[in-house]
Amino acid sequence: MSELTVWFDGSCPLCRREIALMRRIDRRGAIRFVDLEQAEPAACPVDRGELLARFHASENGRIVSGADAFAAMWRAIPLFRPFGLAFQGPFASALLERCYRAFLRARPALQTVAHRLERP
C-alpha cells in the first residue's frame with residue numbers, strides 16, 4: 001500500500017466537504033489528511049501559498065499537484081481506484097488537468113455560494 005498525504009484548505013467550504021466525503025470513503029485510513037489551517041509550517045513540504053492555491057498530495061514521497069494529486073487520492077481508495085488508474089496516463093491526466101484548471105477559475109464563485117449555504 002502506498003503512503004499518501006493530502007493537504008487541503010480547511011477554510012474552504014468546498015474543500016472541507018470533499019475531504020469529509022473522502023474520509024468517510026477511506027475506511028482503511030490509507031490517506032493522511034492535513035488541514036493547512038491547523039498545520040505547523042514543518043508539515044508543509046512546499047510553500048503554504050502553493051498548497052492553498054492548488055490541490056497537493058505526496059504519494060510515496062513524491063509531491064504531485066492538481067489532477068495528479070486527485071488521481072493519487074483516488075488510487076488510495078478502493079472504490080475510486082479505477083478512476084485513479086485511468087487518469088494516470090499522460091493523455092487522461094492532461095484532460096483531467098484541463099478540467100481542474102477550469103474548476104480553479106470557478107472556485108471563488110463556488111466558494112461564495114458554499115459559504116452562503118453554510119450560514120444559518
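Numbering starts at 1 and runs along the sequence shown.
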| field | Stepwise side-chain contact (heavy atoms from CB on, under 4.5 Å) check, Arg75 with Gln88 | value | CA-CA 9 Å; Arg75 284 191 297 275; Gln88 208 168 11; 3.7 Å; yes
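- Under the 4.5 Å side-chain heavy-atom criterion for grouping Ile, Leu, Val, Met, Phe, Trp and Tyr, Val46 is connected to Leu36 within one hydrophobic cluster.
- Leu52 and Val64 fall into different hydrophobic clusters, where Ile, Leu, Val, Met, Phe, Trp and Tyr side chains are chained together by heavy-atom contacts under 4.5 Å.
- Linking Ile, Leu, Val, Met, Phe, Trp and Tyr residues whenever their side-chain heavy atoms come within less than 4.5 Å leaves Phe83 and Phe91 in two separate clusters.
- Of the possible polar contacts, one joining the Trp7 side chain to the Ala43 backbone as a donor-acceptor pair under 3.5 Å is found.
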| query | Where do Leu21 and Arg24 land on the side-chain contact (heavy atoms from CB on, under 4.5 Å) test, with the steps shown first? | reply | CA-CA 5 Å; Leu21 173 65; Arg24 283 193 304 274; 3.7 Å; yes
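- Checked for salt-bridge contact, Asp26 and Arg32 miss the test: no charged N lies under 4.0 Å from a carboxylate O.
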| Would Arg101 and Glu97 count as a salt bridge (Lys or Arg N to Asp or Glu O under 4.0 Å) if you check the C-alpha gap in whole Å, the side-chain angles of each, and the deciding distance to 0.1 Å? | CA-CA 6 Å; Arg101 287 181 184 196; Glu97 181 65 26; 3.1 Å; yes
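- The aromatic ring centroids of Phe70 and Phe55 lie less than 6.0 Å from each other.
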| request: Test side-chain contact (heavy atoms from CB on, under 4.5 Å) on Leu110 and Phe103 and set out the steps. | output: CA-CA 9 Å; Leu110 294 171; Phe103 164 76; 3.8 Å; yes
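- Considering NE2 of His56 and SG of Cys44, their distance stands at 10.5 Å, rounded to 0.5 Å.
- The distance from the CZ atom of Arg23 to the CD1 atom of Ile19 is 7.0 Å, given to the nearest 0.5 Å.
- Other residues, nucleotides and ligands contribute over 12 non-hydrogen atoms within 6.0 Å of the CZ atom of Phe33.
- Between Arg48 and Glu37 there is a salt bridge, since at least one side-chain N of the basic residue sits less than 4.0 Å from a carboxylate O of the acidic one.
- With a 4.5 Å cut-off on side-chain heavy atoms, Phe8 and Val34 do not count as touching.
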| said: Run the side-chain contact (heavy atoms from CB on, under 4.5 Å) test on Glu3 and Ser58 for me, step by step, so that the C-alpha distance in whole Å, both residues' side-chain angles and the decisive distance to 0.1 Å come before the verdict. | reply: CA-CA 8 Å; Glu3 290 183 28; Ser58 173; over 6 Å; no
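- Leu14 and Phe80 fall within the same hydrophobic cluster, defined by Ile, Leu, Val, Met, Phe, Trp and Tyr side-chain heavy atoms under 4.5 Å apart, directly or through other members.
- Sparse packing is recorded around CZ of Arg98, with 12 or fewer heavy atoms of other residues, nucleotides or ligands lying under 6.0 Å away.
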